[in-house]
Q: 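Next up is a structure, given as structure tokens.
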Amino acid sequence: MPEHTVDAQWTVSDLAERSGLPVSTIRYYVRQGLMPAGQRLSRTRSIYNQEHLKALETIKALREAGVPLTEIRSHASPDTDASSDSAVAEARRNDLLEAATKCFLTAGFAGTSLGAIARGASMSKATLYHHFSSKEEIFMACAERVFHRLYADIWPAISQAQTADERLRSRWQAFVESFADWAPMMDLVRGLAIGNRTFSEEYLRLIDTIVAPLARELAMLDAGLRFDGDAEFVSYIVMGMAEAGARALNEERHDADHVRQYLERILAVPPSRAPDA
């Protein structure tokens, strides 16, 4: 890794090279409040320094240790450059994302203008640009928000579950119950990813937010589950089957218990049982 310098001033691309993380991931961490934003030089250009690199190295180490982003965020150092009305700014940002999500899901990406988003959020385009630099950036933040909500409400139940089987069932329940919220956004991101490198990278990163936890749970399942290959590869297969099952459930072709049972039979997941004496 290149030597750290006290007075370093790096572009986001420089920071990505030094940290070994994609630019899209760095921007995601900033938007999620996991690390301070760079010093903005213009509407589209910011600079970063050694403190940003240290923050990324910490986040990277915690993620590799399996610490969820929600927990990392709760311990993140506040941005000392943030204004005293940061709570108000965050509320306005959420209003903007709420309005933008409705616009994108109604009119699609191409059919949504920045003006329409600003009107929907009851703000000027100048205020919109204070939060985001482009329509693409707004769209990615909307998608991240939708997928973050997928498990947010049931995280306490997942974290307290005693076995991988129980955690997988909790994730399945959340997947089904929030289908109407995440499926339209999934379809939109998936369509935009075709032939567009930026959206393709975002789509893969969003998929990873679902697949990575599944891979950890599958790797920890007890000896009753046997499959050839690595857990991450199998988790992609499981996600595809789960999405198909959720769609069948949404169309009222099956109920949740039957779909879950089908998935368990395919994977040969052992039924829940009392621990051996």
Side-chain angles (χ1 to χ4, degrees), residues 12 23-48 69-70 72-74 76-155 174 177-193 196 198-199 201-203 205-206 209 250:
V12 68
V23 169
S24 59
T25 298
I26 294 173
R27 287 176 172 158
Y28 171 68
Y29 287 163
V30 170
R31 288 195 296 269
Q32 292 299 310
L34 299 173
M35 60 178 287
Q39 179 184 349
R40 180 163 287 195
L41 300 181
S42 68
R43 187 167 64 84
T44 60
R45 185 166 179 263
S46 298
I47 57 173
Y48 302 83
L69 288 179
T70 50
I72 297 174
R73 184 185 298 109
S74 68
S77 299
D79 186 348
T80 56
D81 295 328
S83 62
S84 59
D85 61 348
S86 59
V88 175
E90 182 64 20
R92 294 297 286 138
R93 182 180 185 276
N94 286 332
D95 290 342
L96 190 159
L97 292 178
E98 194 71 36
T101 299
K102 291 178 182 178
C103 288
F104 288 131
L105 294 180
T106 300
F109 180 80
T112 296
S113 67
L114 291 175
I117 294 173
R119 288 192 296 273
S122 300
M123 66 175 61
S124 67
K125 288 180 69 174
T127 302
L128 181 152
Y129 278 121
H130 177 73
H131 295 280
F132 297 97
S133 62
S134 67
K135 185 171 75 169
E136 288 78 8
E137 188 178 357
I138 295 174
F139 177 77
M140 290 178 184
C142 289
E144 289 160 4
R145 190 165 177 259
V146 168
F147 282 87
H148 172 71
R149 288 176 171 177
L150 178 58
Y151 293 135
D153 291 341
I154 64 154
W155 175 247
E177 291 178 356
S178 60
F179 177 87
D181 297 321
W182 63 260
M185 183 60 76
M186 170 74 84
D187 292 340
L188 190 55
V189 177
R190 185 179 282 143
L192 290 169
N196 185 304
T198 300
F199 285 125
E201 290 177 352
E202 180 67 7
Y203 171 65
R205 191 183 62 73
L206 290 172
T209 64
N250 186 64

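A quick note: this is a predicted structure, and the numbers were derived from the prediction, not measured.
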Q: Are the side chains of Leu192 and Phe139 in touch, meaning some heavy atoms are under 4.5 Å apart?
A: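 The answer is yes, as the side chains (C-beta and beyond) meet within the 4.5 Å cut-off.
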Q: When rounded to the nearest 0.5 angstrom, what is the spacing between SG in Cys142 and CZ in Phe132?
A: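 Result: 7.0 Å between the selected atoms.
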Q: Please name the pair of heavy atoms, one in Asn196 and one in Thr198, separated by the smallest distance, quoted to 0.1 Å.
A: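 Nearest pair, atom of Asn196 first, then Thr198: OD1-N, 3.0 Å.
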Q: Working to the nearest 0.5 Å, report the span between CG of Leu128 and NZ of Lys135.
A: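 These two atoms lie 11.5 Å from each other.
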Q: For a side chain to side chain contact (heavy atoms under 4.5 Å, CB included) with Tyr28, tell me which candidate from Glu202, Met140, Glu144 qualifies.
A: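 When Glu202, Met140, Glu144 are each tested with Tyr28, the side chain to side chain contact (heavy atoms under 4.5 Å, CB included) holds only for Glu144.
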Q: Answer yes or no: are there more than 12 heavy-atom neighbours, outside His131 itself, under 6.0 Å from its atom NE2?
A: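 Counting neighbours around NE2 of His131, more than 12 heavy atoms of other residues, nucleotides or ligands fall under 6.0 Å, so yes.
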Q: Specify the closest pair of heavy atoms between Val146 and Trp182, including all atoms of both residues, with the distance to one decimal.
A: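 Closest heavy-atom pair between Val146 and Trp182: CG1-CA, 3.7 Å.
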Q: Roughly how far apart are Ile26 CD1 and Ser46 OG, rounded to 0.5 Å?
A: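 Reported value, rounded in 0.5 Å steps: 12.0 Å.
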Q: Could you measure the distance from the CG atom of Asp95 to the CZ atom of Arg93? Nearest 0.5 Å is fine.
A: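 If we round to the nearest 0.5 Å, Asp95:CG and Arg93:CZ are 11.5 Å apart.
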Q: Donor-acceptor check, side chain of Lys125 to backbone of Leu114, threshold 3.5 angstrom: yes or no?
A: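 No, the answer is negative, given that no donor and acceptor are paired below the 3.5 Å cut-off.
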Q: Under a 4.5 Å cut-off applied to non-hydrogen side-chain atoms, are Leu206 and Met186 in contact?
A: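 Sidechains of Met186 and Leu206: no contact.
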Q: Would you give me the side-chain donor-acceptor pairs under 3.5 Å for residues 96-105, sequence neighbours excluded?
A:
from: Glu98; atom 1: OE1; to: Arg145; atom 2: NH1; distance (Å): 3.1
from: Glu98; atom 1: OE1; to: Arg145; atom 2: NH2; distance (Å): 2.9
from: Thr101; atom 1: OG1; to: Leu97; atom 2: O; distance (Å): 2.8

Q: Under the side-chain hydrogen bond (donor to acceptor under 3.5 Å, both in side chains) test, which residues partner Tyr203, sequence neighbours left out?
A: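 Expected list: Arg190.
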Q: Compare every heavy atom of Glu137 with every heavy atom of Ser133, then report the nearest pair and how far apart it is.
A: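 Closest heavy-atom pair between Ser133 and Glu137: OG-OE1, 2.6 Å.
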